[in-house]
Number of protein chains: 2
Amino acid sequence: MSNPTMAGSGKGGRAPRAKSAATIYDIAELAGVNPSTVSRALSKPGRVSAKTQQKILDAAEELNYHVNIFARALPTGKTQTVGLIVADITNPAFFDIIRGAETAASDRGYTLMLAESTESAEHELTAAKRMLATVDALILASPRLADEEIQALARKKPVVVTNRRVAGVGSVVADTEAGVADAVRHLADMGHGSIAYVAGPDRSWMSRLRWETIKERCDWHGIAVATVAAGAPTVDGGRRAAAVVRKAGATAVFCYNDLMAIGLMRELQAAGMNVPGDLSILGFDNIFGSDFTTPPLSTIKSPLRELGVAAMAMVLDETVQESGITMESTLTTELVLRGSTGRAAGHS
Amino acid sequence: MSNPTMAGSGKGGRAPRAKSAATIYDIAELAGVNPSTVSRALSKPGRVSAKTQQKILDAAEELNYHVNIFARALPTGKTQTVGLIVADITNPAFFDIIRGAETAASDRGYTLMLAESTESAEHELTAAKRMLATVDALILASPRLADEEIQALARKKPVVVTNRRVAGVGSVVADTEAGVADAVRHLADMGHGSIAYVAGPDRSWMSRLRWETIKERCDWHGIAVATVAAGAPTVDGGRRAAAVVRKAGATAVFCYNDLMAIGLMRELQAAGMNVPGDLSILGFDNIFGSDFTTPPLSTIKSPLRELGVAAMAMVLDETVQESGITMESTLTTELVLRGSTGRAAGHS
DNA sequence: TTGTAAGCGTTATCAC
DNA sequence: GTGATAACGCTTACAA
């Protein structure tokens, strides 16, 4: 490495690009065989005699040969690439999904191609269509697209969605049931009698599922519950919900995700409210940084990484793809109690 | 969207894949012209008469034509794709770089291909080599590779690095000068006489630059300064530095990045120290979440998004690429004072 | 302005 | 087991 103190603005020479790479013809010549034999030896080992195989391998090594994936893709249509579209790269909830998917992909010799839809169905469709031309398969993480659009994509290439169910399309979702059940039970124990929900984007299937699960558990415990606001699934979205939440008069509030919960909490605190003294706050996902706040956020943890791994495994699973069966897999969530939840206000 | 309550595990039918896509031959037939004319009309408009152009466009539209980028890539070698390798997708400092690069890419009709090296030079090289076969250009964000390796990559395709200078390779770096100068001056004003630096990875060029700049400014102000620890550029890395920092006896500490600063601060607080009362802490970058902590982190803000935009612009700038000139561009940093810095302990 | 034809590097389908 | 040879879909001189 050159020395940092050498830093400065300016220009310098640049090395020229390398000449064209070796092809199977070069190998064929060097090994004294036919190009098609080289192709066989390199792509499906076993269809060629042991000694020619070795000659070819040696020649390839010597010439520093690498397949041209475009040339290969032309007849086969396969690129060893899979696309992943996330709503927002900036949302830490997607990190581990991306990580999991990337790991699972490279384990299988595939490369990940990442795009973001910036929470817009339109961008998502554009990105999906552009990718579809290039990739062997596509994963849609928390898509904002309509069912029909997703089904249309799935008609062209294998598609798997995460945190969403779409008829006829493979999917893996984090089950909200377990985490929410524990959370509501805990709140009931702490004397909370009125709970609010701050929803995410209208198009978010997961926001609706979370709400329905919360509602169901609250009804079961005889706790009053209502959706009091909806907004962008961001810190800012949470902030903007603060006024309404405050007026709602609940003693505890679930937010669609941790980002919103953090924004809400900070805005409320800035307005002089005490968390959890005046209000208990819960998020979803357990993202990076959700324990940085004061108090640290209580949340319902999603198995993010596993979601990514499972989605990749599913979309690349040949037997499933061939069979025409639609897989649906469910991973479980877990309550993580930290400092943002406590006894109901005025409850001893 | 299907209803969330429909969620469940099971199987279902799956639609069959669509038949093969339309080619320029299909268009040619439909429009009554030669395939090569179609190619011209579609790739370089203007080389064809207005009316045939229109006929071809209509036919393409009707057939829902999309170029096969592999077929195109074969003769041209161009894929309209650029690779970006980051050290760690999980580090919020890279978000905005990614965002900026992605925006700049799609503005120019390019697609971003993302990979992470997980802070390992070896993984980085693997990813870079794999990508190089596919992309038109490559951006290395804070690479851990040796200069020679980067130069070798740059010999094959256009390469630009961020936050690093490599002889003969395009680069864009966030100048530490401005931010550090302000920060050290501020600390001097607050009575700090002894400052510590917690370094990042050994291979980080930026960590060394930051240290050198800090050292220089401290010397200038007559403040004692020393690197007291080094570690992974993560929250955990910062945590592990806590014991040493405490023993160092400085009244203020710069950390290589915000992640480390957050980890250090939390660990120190857990051990009963008061920030900034007993110790002032500063990070670098101003990442998402650096204001979530209590106290919120003071930091030297990097123009992350602009870094991504500039890198993409540079690596795709044809005139620069052709000319063989190496560009080096520098963006400026800025001190962001929040709650983690204050008067020196025992100073009134 | 438009048509002809020769690749680009692989894979796949034949024979042998 | 191995060798010819025709695709794959597009670009690009070169002719017309």
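Order of the sequence lines sets the chain letters (A, B, ...), proteins ahead of strands, with each chain counted from 1.
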Provide a list of protein-nucleic acid N or O atom pairs under 3.5 angstrom, restricted to nucleotides 11-15 of chain C.
| residue | atom | partner | partner atom | Å |
| --- | --- | --- | --- | --- |
| C/dT11 | OP1 | A/R72 | NH1 | 2.7 |
| C/dT11 | OP2 | A/S39 | OG | 2.5 |
| C/dA12 | OP2 | A/K44 | NZ | 3.0 |

Quick one: list whatever passes ring pair (Phe, Tyr, Trp, His ring centres under 6.0 Å) with A/F95, sequence neighbours left out. B/F95
Without placing hydrogens or testing angles, list every side-chain donor-acceptor pair under 3.5 Å for residues 133-140 of chain A, not counting sequence neighbours.
| residue | atom | partner | partner atom | Å |
| --- | --- | --- | --- | --- |
| A/D136 | OD1 | A/T79 | N | 2.8 |
| A/D136 | OD1 | A/T79 | OG1 | 3.1 |
| A/D136 | OD2 | A/T79 | N | 3.2 |
| A/D136 | OD2 | A/Q80 | N | 2.8 |

Check side-chain contact (heavy atoms from CB on, under 4.5 Å) between A/A152 and all other residues, then give those that pass, not counting sequence neighbours. A/R155
Sequence neighbours excluded, the answer for side chain to side chain donor-acceptor pair (under 3.5 Å) partners of B/T90 is none
According to side chain to side chain donor-acceptor pair (under 3.5 Å), who are the partners of A/S49, at least two apart in sequence or on a separate chain? A/T52
How long is the straight-line distance from OG1 of A/T126 back to CD of A/E124, given to the nearest 0.5 Å? 9.5 Å
Write down the distance between CG (A/L74) and P (D/dA6), rounded to a whole number of angstrom. 17 Å
Give a yes or no on whether the backbone of B/A167 and the side-chain of B/Q151 come within a donor-acceptor separation of less than 3.5 Å. yes
So if I take residues 48-63 of chain B and measure heavy-atom distances to DNA chain C, which residues fall below 4.0 Å? B/V48, B/S49, B/T52
With sequence neighbours left out, what residues match B/R99 under salt bridge (charged side-chain N to carboxylate O under 4.0 Å, His left out)? A/D88, A/E116
Who passes side chain to side chain donor-acceptor pair (under 3.5 Å) against B/E119, sequence neighbours left out? B/R144
Whole-Å distance between C/dG9 P and A/I27 CD1? 12 Å
Please give, in whole Å, the distance from D/dT11 C1' to B/I69 CD1? 15 Å
Per the end-axis method with five pairs at each terminus, what is the bend angle of the helix from C/dT1-D/dA16 to C/dC16-D/dG1, to 10°? 30°
Rounded distance in Å - CD (B/Q80) to P (D/dC10): 15 Å
Any base atoms under 4.0 Å from B/N34, or only sugar-phosphate, or nothing? Heavy atoms, all strands. base
Upstream residue (5' side of DNA chain C) when B/R47 and A/N68 are each assigned their closest nucleotide: B/R47
Would you tabulate the side-chain donor-acceptor contacts of residues 56-73 of chain A under 3.5 Å, counting partners in other chains and residues two or more places apart, or write 'none'?
| residue | atom | partner | partner atom | Å |
| --- | --- | --- | --- | --- |
| A/D58 | OD1 | A/Q54 | NE2 | 3.0 |
| A/N68 | OD1 | A/F70 | N | 2.8 |
| A/N68 | OD1 | A/A71 | N | 3.1 |

Hits for side chain to side chain donor-acceptor pair (under 3.5 Å) against A/T37, two or more places apart or cross-chain, chain-then-number order -> none
Distance in angstrom units between A/H66 NE2 and C/dC8 C1', rounded: 19 Å
